[in-house]
Amino acid sequence: MENKTITAISTPLGAGGISIIRLSGKDSLQIAKKCFYCKEWENKIEPRKLTLGKFNAGTFTESCMAVYFKEPFSYTGEDVVELQCHGGVLIAKGVLNTLLENGAVLAGPGEFTKRAFFNGKISLDEAEGVMDMINAESEAEIKAGYNLLQGKLHKIVLKQQNHITAMLAKIEVVLDYPENDYEESTLSEIEFKVKEIKQELNKLLETSKTGMLIKNGTRIVIVGKPNVGKSSLMNAMLEYDRAIVTNIKGTTRDIIEETYLYKGVKFVLIDTAGVRESSDVVEKIGIEKAVDSINKADIILFVLDGSESLDNDDIELLSKVIDKKYIVVVNKTDLEQKLQLPNNIDKNNVMYISASSSKGIADLKDRIYNMTINNTMLESKILITNERHIESIKEAIKYCDDVLYGIKNNNTLDLVSIDLSNVWYALGEITGDTNNEIIIDKIFKDFCVGK
Ligand SMILES: Nc1nc2c(ncn2[C@@H]2O[C@H](COP(=O)(O)OP(=O)(O)O)[C@@H](O)[C@H]2O)c(=O)[nH]1
Ligand SMILES: [Mg+2]
């Protein structure tokens with residue numbers, strides 16, 4: 001399969017200005033030449049030069065542009081031809097089918113990038129950066145994906161791996177010449193270096209807290225008893241009417257989730273059923289879900305109705321929120337205020353709004369941002385947003401601990417070297433150095449066709 005020439009439509013299927021169809025593999029040019037004609041190509045095909053010509057798709061002719069990338073100076077590292085035709089579904093499919101009839105095979109998901117990986121053009125984490133950029137739902141995700149693609153993580157990982165390789169080489173020498181009696185000094189050198197590596201890895205891991213919020217969206221759960229204005233708050237924050245708002249208690253019965261962007265970061269807003277004693281079966285399930293969602297929140301908006309006094313439903317629910325990250329949102333400030341805030345809440349965490357007129361909503365969004373997103377982390381070059389990277393880093397740290405434990409317990413150099421190699425391998429899973437087929441297949445399976 002790997003040596004076949006692959007093809008796919010790389011742009012989304014639909015009516016548009018241009019569709020791009022790609023070929024990659026040693027027969028790319030030969031296949032393209034069978035259907036694409038232009039005068040310039042008759043003499044000499046100049047790489048990287050876009051040329052206008054005619055594409056014969058059998059049942060129709062298309063006027064299109066073609067460009068040739070000579071291996072290894074292409075995305076995949078192989079010979080690549082890209083055809084730019086008019087962006088119509090039938091045209092793009094017709095061009096694709098003609099290329100297939102002329103000897104190309106249909107590319108699998110992410111196969112172009114997979115070839116780039118196998119040809120050493122890109123590491124696994126950089127390929128994941130490509131994917132992250134394509135799937136990004138916020139500017140922060142694009143930025144994190146771009147840094148990954150640029151090899152920012154790769155460089156740090158490689159640096160640590162090089163330290164390990166140097167230590168392993170030294171161990172070899174010391175073991176080969178035991179008469180020199182360097183074992184003890186080598187062990188203390190390793191101890192020092194591994195502590196440094198562990199520190200670097202912990203720094204990386206630290207970025208994943210913000211990283212995961214960026215990737216998954218910060219989960220904001222809105223809770224409160226019925227009719228305090230939770231759904232109105234959701235609508236005001238989203239700036240459109242997503243949730244049904246009525247003055248009937250128990251209107252919201254299921255969880256409603258919707259995302260919004262603030263300062264280029266994704267937030268997931270979760271509206272819940274009002275929590276109260278209820279005999280209605282459906283409402284009861286909704287209330288259970290609401291209480292459950294409190295535990296999955298990154299931040300909770302605990303809504304109170306400013307025009308009413310506090311009651312037992314409020315106090316009961318507050319006890320579930322108080323030890324979490326929360327903001328008390330006092331709503332309906334446009335009405336006469338009767339609410340006395342309980343003493344046990346942090347007054348700095350109280351905000352006043354009127355959901356029906358959107359008063360105070362902008363400040364609330366800003367407060368949520370400041371309480372959840374670490375700007376320093378967000379601005380840093382590396383932000384770990386990928387669970388797979390987190391797991392590998394954690395594993396590498398665990399093996400660092402094994403090395404340090406071994407040294408402390410007077411393990412011999414050869415035993416220490418085994419744990420040291422394990423650190424190297426755990427890090428290699430990030431870049432793809434270890435050629436773990438299961439991981440590689442899993443990553444590219446999720447890519448789109450044509451990338
Ligand atoms: N006066 C006033 N009424 C509001 C405000 N926010 C919501 N309401 C009203 O309160 C009632 C309940 O609102 P809703 O959002 O459905 O509350 P939920 O049950 O907590 O989701 C509705 O009649 C809303 O129009 C507000 O800021 N001021
Ligand atoms: Mg509601």
Side-chain angles (χ1 to χ4, degrees), residues 5-25 27-42 45-70 73-116 121-122 127 129-143 145-146 149-150 259 261 264 266 444 446-451:
T5 295
I6 50 170
T7 185
I9 303 170
S10 288
T11 41
L13 264 190
I18 304 167
S19 280
I20 297 178
I21 296 97
R22 254 183 183 166
L23 280 159
S24 178
D27 298 330
S28 291
L29 204 51
Q30 185 207 325
I31 294 170
K33 271 162 60 181
K34 282 192 207 167
C35 3
F36 178 79
Y37 306 94
C38 72
K39 245 197 149 46
E40 277 185 78
W41 276 28
E42 273 172 22
I45 300 176
E46 206 179 314
R48 294 168 178 257
K49 187 174 175 192
L50 204 56
T51 319
L52 182 65
K54 290 206 166 20
F55 189 94
N56 182 353
T59 51
F60 65 86
T61 303
E62 154 72 333
S63 164
C64 81
M65 310 274 278
V67 57
Y68 165 59
F69 299 93
K70 188 170 166 45
F73 306 110
S74 70
Y75 181 68
T76 57
E78 303 172 331
D79 264 5
V80 167
V81 174
E82 279 185 16
L83 295 155
Q84 300 186 359
C85 65
H86 289 98
V89 176
L90 284 179
I91 301 172
K93 281 189 174 169
V95 169
L96 178 74
N97 285 334
T98 310
L99 296 172
L100 292 171
E101 280 159 17
N102 281 288
V105 297
L106 195 62
E111 201 174 343
F112 291 92
T113 312
K114 192 173 182 178
R115 288 188 176 197
K121 299 289 285 187
I122 196 169
V130 174
M131 178 75 161
D132 286 349
M133 285 191 74
I134 291 173
N135 291 333
E137 291 177 340
S138 67
E139 284 162 20
E141 279 178 276
I142 297 177
K143 200 175 139 196
Y146 178 76
L149 168 62
Q150 291 297 303
T259 57
L261 294 176
K266 184 170 65 189
F444 290 106
D446 292 334
F447 265 64
C448 39
V449 173
K451 187 66 213 173

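Values below: all heavy atoms of this structure, side chains included; hydrogens, waters and symmetry mates excluded.
A pairwise comparison of heavy atoms in Leu83 and Ala66 identifies CD2-CB, 3.7 Å as the closest pair. For the pair Met133 and Gly145, the tightest heavy-atom approach, listed with the atom from each and the gap, is CG-C, 3.6 Å. Heavy-atom minimum distance, Ala104 versus Leu23: CB-CD2, 3.8 Å. Here the closest non-hydrogen pair linking Ile21 and Cys85 is CD1-SG, 3.5 Å. Closest non-hydrogen pair, Gly77 versus Ser74, comes out as N-OG, 3.0 Å.
In this structure, Leu29 and Trp41 have side chains that are in contact, with non-hydrogen atoms separated by less than 4.5 Å. Annotation: side chain of Arg48 is in contact with side chain of Phe69 (closest heavy-atom distance under 4.5 Å). In this structure, the side chains of Val95 and Cys64 stay at 4.5 Å or more apart for every pair of heavy atoms. For the pair Lys33/Ile45, a side-chain contact is recorded, criterion being any heavy-atom separation below 4.5 Å from C-beta on. Residues Thr51 and Met65 have side chains not in contact (no heavy-atom distance under 4.5 Å, counting atoms from C-beta outward). Contact annotation: the side chain of Ile31 never approaches that of Thr7 to less than 4.5 Å [non-hydrogen atoms, C-beta and beyond]. Side-chain contact check for Leu52 versus Cys38: every heavy-atom pair is 4.5 Å or farther apart. Counting heavy atoms from C-beta outward, Tyr75 and Lys121 have side chains that stay 4.5 Å or more apart.
Residues passing the side chain to side chain contact (heavy atoms under 4.5 Å, CB included) test with Glu139: none are found, sequence neighbours excluded. With sequence neighbours left out, Glu62 forms a salt bridge (Lys or Arg N to Asp or Glu O under 4.0 Å) with no residue at all. Among residues two or more places apart in sequence or in another chain, the salt bridge (Lys or Arg N to Asp or Glu O under 4.0 Å) test is passed with Glu40 by Lys49.
Atom CZ of Phe60 is surrounded by more than 12 heavy atoms from other residues, nucleotides or ligands within 6.0 Å. Residue Leu90 places its CG atom among 12 or fewer non-hydrogen atoms of other residues, nucleotides or ligands, all under 6.0 Å distant.
Taking CD of Glu141 as the reference point, atom CG of Asn135 lies at 8.5 Å (rounded to 0.5 Å). Taking CZ from Phe444 and CD from Glu111, the interatomic distance works out to 10.5 Å, rounded to the nearest 0.5 Å. One finds the CD1 atom of Ile9 at 6.5 Å from the OG atom of Ser19 (value rounded to the nearest 0.5 Å). To the nearest 0.5 Å, the span separating CD on Glu78 from CD1 on Ile6 amounts to 6.5 Å.
Of the possible polar contacts, none joining the Thr113 side chain to the Ala127 backbone as a donor-acceptor pair under 3.5 Å is found. Remark: the backbone N or O of Ile20 is paired with a side-chain donor or acceptor of Thr11 at under 3.5 angstrom. Using a distance-only test at 3.5 Å, with no hydrogens or angles considered, no donor-acceptor pair links the side chain of Thr76 to the main chain of Arg115. Arg22 places no side-chain N or O within 3.5 Å of a backbone atom of Phe112 that could act as its donor or acceptor partner.
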Gln84 and Leu50: side chain to side chain contact (heavy atoms under 4.5 Å, CB included), yes or no, with the steps?
CA-CA 9 Å; Gln84 300 186 359; Leu50 204 56; 4.1 Å; yes
